[in-house]
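Scroll down for the structure; my scribbles are underneath it.
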Number of protein chains: 2
Amino acid sequence: MKKSSEEILSSLASQGFRMTRLRKAIIGVFTGNGLPMSAEELMDILRAGNTAFNRTTVYREIGFLKARGVINEIQFLHERVKRYELASLEHHHHLVCLRCKRVEDIVLENDLADQERSILDSKGFHVTNHMLEFHGICRGCNR
Amino acid sequence: MKKSSEEILSSLASQGFRMTRLRKAIIGVFTGNGLPMSAEELMDILRAGNTAFNRTTVYREIGFLKARGVINEIQFLHERVKRYELASLEHHHHLVCLRCKRVEDIVLENDLADQERSILDSKGFHVTNHMLEFHGICRGCNR
DNA sequence: CTAGTTGCAAACATTTTGCCACTAG
DNA sequence: CTAGTGGCAAAATGTTTGCAACTAG
């Protein structure tokens, strides 16, 4: 399910979108870095790789990739910035360490299947998606 | 566990904080309305009740109540505004209907106990808190 | 009387828009 | 050549701060 930079680019190209320097750079950053990134962090990384682009342009490309389902938007509690990660990653959630602030991914055995069934039973609400964020102390900080 | 307007106010008073018109009005709105409210919605309700206050003041009171643990901040995915709800409500999550946008509360049987245990086992990450949001179609919209 | 509270104006952080120039295919 | 892309300046949105005036207890 996880896609490479090339797969994403050629899929976009086949839809008539261009393979520009910015697009290549941004997709490269996302495919090379699993964790949810903010626009600012993304720009820092681009800058560090000598592929600096205008703020507006970066936001626009993020919007483009979001609209095409290449990346997903995440919003952590108590953070003001939006974050983005590759949509083709396996379905997972995030563990946010309150001490070191680092984020890890977690894949749950059978996710929230039981909970979603009970929600349908008790409320008649048909869940199509969920978002879950755990806060706590990571192994490193616990020592 | 759910506290009344009076309990909250007198608890604040006992800590030396004043019982002002704004404070009474805002706490009244929160205790009378279970669902997560944005600052803007709160101001609308105040205005409708002839207790209009300056935007800054309302934000400041929200900050005050948050700092004292009276209300909690929530941030729904894809919403730009922060929302707030009484902290003394039973631990619950939210069902957000994608069609009518309404929010319902849901209390889960034994919440995410299994998942949190498995996270501790597999990652050594000690979960202290979590936030979970379900998206889907509510009973009303499903007909 | 005085710490706590309020309002105004202005600042702030993040993201979005309008408009026009540019370029990949 | 032309739809798609890029950059600049400015707007929009939601929230916060500085500061001086006001008020509950």
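First the proteins, then the strands, lettered A, B, ... as listed; each starts at 1. Keep in mind the model is a prediction, meaning the values are calculated, not measured.
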Could you list the donor-acceptor pairs under 3.5 angstrom formed between side-chain atoms of residues 66-76 of chain A and any protein atom two or more places apart in sequence or on another chain?
| unit_1 | atom_1 | unit_2 | atom_2 | d |
| --- | --- | --- | --- | --- |
| A:Lys66 | NZ | A:Glu73 | OE1 | 2.6 |
| A:Arg68 | NH1 | A:Phe64 | O | 3.4 |

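- A side-chain contact (heavy atoms from CB on, under 4.5 Å) with B:Thr31 is found for one member of B:Leu9, B:Leu86, B:Ile26 and no other, namely B:Leu86.
- As a whole-Å value, the separation of B:Leu46 CG from C:dG7 P is 11 Å.
- Under a cut-off of 6.0 angstrom, the local environment of NE2 in B:His135 is crowded, with over 12 non-hydrogen atoms contributed by other residues, nucleotides or ligands.
- In this structure, the salt bridge (charged side-chain N to carboxylate O under 4.0 Å, His left out) partners of A:Asp114, at least two apart in sequence or on a different chain, are A:Arg117.
- With distances taken from any side-chain atom of B:Asn54 to the nucleotides C:dT15, D:dT16, C:dG7, the minimum falls on C:dG7.
- Projected onto DNA chain D by closest heavy-atom contact, A:Thr56 and A:Glu61 fall at different nucleotides, the more 5' of which corresponds to A:Glu61.
- Along DNA chain C, the nucleotide closest to B:Thr57 and the one closest to B:Arg80 are compared, and the more 5′ of them pairs with B:Thr57.
- Atom CG of B:Leu9 and atom C1' of C:dT5 are 15 Å apart (whole Å).
- Rounding to whole angstrom units, CZ of residue A:Arg23 and C1' of C:dT23 are separated by 13 Å.
- Side chain to side chain, B:Asp111 and B:His91 meet the donor-acceptor criterion of an N or O pair below 3.5 Å.
- No hydrogens or angles considered: nothing links the side chains of B:His93 and B:Asp105 as a donor-acceptor pair under 3.5 Å.
- Sequence order on DNA chain C of the closest nucleotides to B:Arg55 and A:Ala39 puts B:Arg55 first from the 5' end.
- Going from atom NZ of B:Lys82 over to atom P of C:dT14 covers 11 Å, rounded to whole Å.
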**Request:** Would you mind building the protein contact string for nucleotides 20-25 of chain D? One character per nucleotide, 5' to 3', B for base within reach (heavy atoms under 4.0 Å), S for sugar-phosphate only, - for untouched.
**Result:** ---BBS
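- By the salt bridge (charged side-chain N to carboxylate O under 4.0 Å, His left out) test, A:Glu61 is found to be paired with A:Arg23, residues two or more places apart in sequence or in another chain being considered.
- Straight-line distance from the CG atom of B:Leu42 to the P atom of D:dT15: 12 Å, rounded to whole Å.
- No more than 12 heavy atoms of other residues, nucleotides or ligands lie within 6.0 Å of CZ in A:Arg55, so this atom counts as exposed by the packing criterion.
- As rounded to whole Å, 13 Å separates atom C1' of C:dC22 from atom CZ of A:Arg21.
- Pairing each heavy atom of B:Cys97 with each of B:Cys141, the nearest pair is SG-SG, 3.8 Å.
- Going from atom CG of B:Leu22 over to atom C1' of C:dG7 covers 12 Å, rounded to whole Å.
- Nearest to the side-chain atoms of A:Phe53 among the listed nucleotides D:dG6, D:dC8, C:dT5 stands D:dG6.
- Residue A:Glu79 contributes atom CD, which lies 16 Å from atom P of D:dT15 at whole-angstrom precision.
- End-to-end axis angle of the helix from C:dC1-D:dG25 to C:dG25-D:dC1, using five pairs per end and rounding to 10°, comes to 30°.
- For the OP1/OP2 pair of C:dT15 and a distance below 4.0 Å, the side-chain nitrogens and oxygens of A:Tyr59 include at least one atom meeting the criterion.
- Both A:Phe64 and B:Arg60 lie near DNA chain D, and the one whose nearest nucleotide falls closer to the 5' end is A:Phe64.
- Applying the side-chain hydrogen bond (donor to acceptor under 3.5 Å, both in side chains) test to every pair with at least one member in residues 7-19 of chain B, sequence neighbours left out, gives these pairs: B:Ser4-B:Glu7.
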